[in-house]
Amino acid sequence: MSKLTMVVHGGAGPDSEFIKKNIETYKQGLREAVDTGYSVLEGGGSALDAVEAAVNYLEDNPLFNAGRGSALNEKAEVEMDASIMDGKTMKSGAVAIVKNVKNPVTLARAIMEKTKHIYIGDMGALEYAQKIGLRLMPEAYFITDHAYEQYIAATEEEENTIQQAGEYQVRRKTHGTVGAVAVDKDGNVAAATSTGGTENKVPGRIGDSSVIGIGSYANNKTCAISSTGDGEVLIRNVTCFHVSALMQYKGLNVKEACNYLIKEELKDAQGDMGIIAVDPAGNFAFEFNSERMHRGWRSSDGEQGVEIYRP
Ligand code: ASP
């Protein structure tokens with residue numbers, strides 16, 4: 001039996017008064033997410049079941065920017081992105097710009113398992129969720145006071161928005177995207193990520209979280225990875241796949257690969273980036289260049305913890 005390992009993140013980015021004020025509640029949420037996923041692994045469930053369960057928990061927790069608590073776009077609407085990948089089969093599923101679906105990562109998994117496609121967006125994704133009977137909620141369910149306050153603040157700062165060379169620079173404050181990676185008793189790895197995206201984003205904008213190889217990636221030959229941070233920067237640098245490729249092509253271990261990507265290769269990248277990863281032997285790594293990354297972990301050799309800032 002392989003070592004069981006469950007790792008989650010709850011977003012990487014700048015610190016804020018809101019985070020400082022709610023630090024214990026954030027830590028409690030991370031602990032519960034880890035325990036939710038870990039109990040699936042302990043009960044003999046697959047890594048895929050475990051990452052879905054942990055992300056579902058975080059999607060339901062209003063403190064995090066995924067599902068309930070999602071960031072609002074320019075029109076004060078919720079548009080969510082999510083992805084999931086199974087390292088054993090290398091199958092994946094993803095949704096983007098989806099509304100009203102209580103647990104977007106479960107929709108991503110259904111797309112992976114029940115359709116001939118990988119990635120479905122917008123109305124098509126919502127219609128498919130309805131068709132297979134996934135739980136839908138009214139818009140008001142997703143919008144928390146904190147997300148609305150962030151929206152108002154971001155709207156007021158609109159004039160400070162930098163428009164450079166036609167590039168829209170999103171000035172993010174709230175980072176609470178969620179992700180999970182796990183290894184199960186058979187040594188299979190899986191990854192999942194879910195987000196409301198960046199506050200005050202242009203309607204229809206899709207970030208990294210739902211893009212396979214960037215938001216989530218899993219391969220039993222190497223590792224499972226989930227990322228968070230400035231979506232545009234993460235996409236530009238194809239983050240998750242690079243970690244796997246460094247392991248597969250160059251023989252780096254999971255810690256070395258994460259460290260090399262964030263601290264060496266992308267050390268001059270302008271933007272926040274955070275990744276969590278686990279290999280099939282249960283070795284795990286976190287790496288981030290931001291002020292903080294909400295994270296939690298637990299493994300069958302007794303290691304467990306939650307952290308928000310640097311050690
Ligand atoms: N990466 C997410 C996005 O750009 C946001 C985040 O991780 O906070 O949509």
Side-chain angles (χ1 to χ4, degrees), residues 8-16 18-19 26 29-30 33 55 58-59 61-67 69-74 77-84 94-99 104-105 108 119 121-122 142 144 146-147 150-151 154 167-181 191-217 225-241 261-262 266 269-277 286-295 308:
V8 305
H9 72 74
D15 198 12
S16 73
F18 184 83
I19 292 170
Y26 270 116
L30 292 165
V55 169
L58 291 162
E59 287 174 333
N61 184 323
L63 270 188
F64 296 90
N65 172 14
S70 281
L72 306 181
N73 71 14
E74 273 181 359
E77 299 164 337
V78 169
E79 292 181 330
M80 299 170 287
D81 305 334
S83 60
I84 192 161
V95 288
I97 346 173
V98 72
K99 296 182 180 197
V105 80
Y119 200 171
D122 207 355
F142 296 91
T144 59
H146 179 57
Q150 293 294 308
Y151 164 75
E167 193 174 320
Y168 182 74
Q169 300 241 331
V170 185
R171 292 164 52 90
R172 294 174 323 134
K173 287 211 197 65
T174 320
H175 302 231
T177 290
V178 308
V181 294
T193 310
S194 185
T195 188
T198 48
E199 74 265 8
N200 215 30
K201 63 187 178 181
V202 171
R205 177 260 187 192
I206 301 170
D208 58 300
S209 308
S210 60
V211 184
I212 298 301
I214 302 176
S216 304
Y217 191 72
I225 320 149
S226 168
S227 70
T228 170
D230 285 302
E232 284 67 14
V233 180
L234 292 159
I235 291 175
R236 200 171 294 137
N237 292 294
V238 200
T239 38
C240 289
F241 181 73
L261 183 73
I262 303 293
L266 301 180
Q270 298 296 309
D272 291 330
M273 286 176 287
I275 47 178
I276 59 170
F286 314 104
E287 204 60 72
F288 55 103
N289 67 357
S290 46
E291 285 177 347
R292 50 142 206 102
M293 178 165 74
H294 289 58
R295 57 204 190 277
I308 291 181

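Each ligand, and each atom within it, is numbered from 1 in the order the structure gives. Worth saying up front: this structure is predicted, and the values here are computed from it rather than measured.
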Report, in ascending order of atom number, the atoms of ligand 1 lying under 4.0 Å from any heavy atom of [X].
| X | result |
| --- | --- |
| Gly197 | 9 (O) |
| Thr177 | 2 (C), 5 (C), 6 (C), 7 (O), 8 (O) |
| Thr228 | 6 (C), 7 (O), 8 (O) |
| Ser209 | 1 (N), 2 (C) |

Open item on the list: Please report the interatomic distance NZ(Lys201) to CD(Glu77), rounded to the nearest 0.5 Å.
Closed with: 10.0 Å
Can you find an N or O of [X] that's nearer than 3.5 Å to an N or O of ligand 1?
| X | result |
| --- | --- |
| Gly231 | yes |
| Gly229 | yes |
| Glu232 | no |

- [ ] Tell me which part of Arg205 gets within contact of ligand 1: side chain, backbone, both or neither, using heavy atoms under 4.0 Å.
- [x]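 Answer for Arg205: side chain.
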Task: Student check: side-chain heavy atoms of Met80 and Phe142 closer than 4.5 Å - done: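 Yes - at least one pair of side-chain heavy atoms lies under 4.5 Å apart.
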Task: Heavy-atom nearest neighbour of atom 3 (C) of ligand 1 within options Thr193, Asp208, Asn65, Asp230 - done: Asp208
Task: Non-hydrogen atoms of Ile235 and Ile206 that approach each other most closely - done: CD1-O, 4.1 Å
